[in-house]
Amino acid sequence: MSLLLNLKRPPYRTYSITQLCREFNATPRALRFYEEQGLLSPARRDTARVYSYKDRARLQLILRGRRVGLSIAEIRDILDTYDEEGATAQDAEALRIHKKRIEQLQAQRAHVDEAIEELKQGAKNLICMYPQLADTAQ
């Protein structure tokens with residue numbers, strides 16, 4: 001068995017923008033935006049972007065963060081902490097940011113609950129004033 005290395009092939013898997021977009025249900029525009037923001041830094045092969053396994057992992061974290069409402073700045077802080085201080089520091093920063101976001105969402109939920117109750121009371125008052133509208137307000 002021969003153990004020759006193929007020097008043309010990168011040692012780690014790479015991905016095209018199309019592959020990552022398909023895998024994560026993202027748009028090429030989104031990936032280019034994250035690149036412009038400094039969150040991703042794909043290599044170039046001629047004019048094509050070539051994403052590494054690290055870019056793929058970062059994209060996964062970016063999309064998770066966006067899904068729960070983290071800002072680009074907060075995501076950047078988490079990713080930069082890993083680059084500068086390592087995984088433990090990154091986890092501590094992520095925990096701090098996550099707790100802050102939980103507090104924000106809980107406050108938002110309280111406001112939504114209040115608005116729902118106010119609307120229910122308003123609807124109840126309107127039905128008392130105009131009983132004929134009760135059937136149409138379903």
Inset, instruction - List the atom of Ile72, the atom of Arg66, and the distance in Å for their closest heavy-atom pair. - result: N-NH1, 3.8 Å

Inset, instruction - Return yes if a side-chain donor-acceptor contact under 3.5 Å exists between Gln19 and Arg22, otherwise no. - result: no

Legend entry - Closest approach of Leu59 to Leu40 (non-hydrogen atoms, all atoms of both residues): N-CD2, 3.9 Å

Legend entry - Pairwise side-chain contact, Ile62 with Leu70, heavy-atom cut-off 4.5 Å (strictly under): no

Legend entry - Side chain Arg56, main chain Tyr51, donor-acceptor under 3.5 Å: no

Legend entry - Lys/Arg N to Asp/Glu carboxylate O, Arg29 vs Glu35, below 4.0 Å: no

Legend entry - Salt bridge present between Glu74 and Lys100 (N-O < 4.0 angstrom): yes

Legend entry - Tyr53: partners by ring pair (Phe, Tyr, Trp, His ring centres under 6.0 Å), with sequence neighbours left out: Tyr12

Legend entry - Interatomic distance, Leu20 atom CG to Tyr15 atom OH [nearest 0.5 angstrom]: 7.5 Å

Inset, instruction - Determine whether Tyr34 and Leu63 make a side-chain contact, defined as any pair of heavy atoms from C-beta on separated by less than 4.5 Å. - result: yes

Inset, instruction - Tell me who clusters with Ile116, hydrophobic residues only, linked when side chains sit under 4.5 Å apart either directly or through other members. - result: Val112

Legend entry - Atom pair CZ/CD1 of Arg58 and Ile75 - distance to nearest 0.5 Å: 11.0 Å

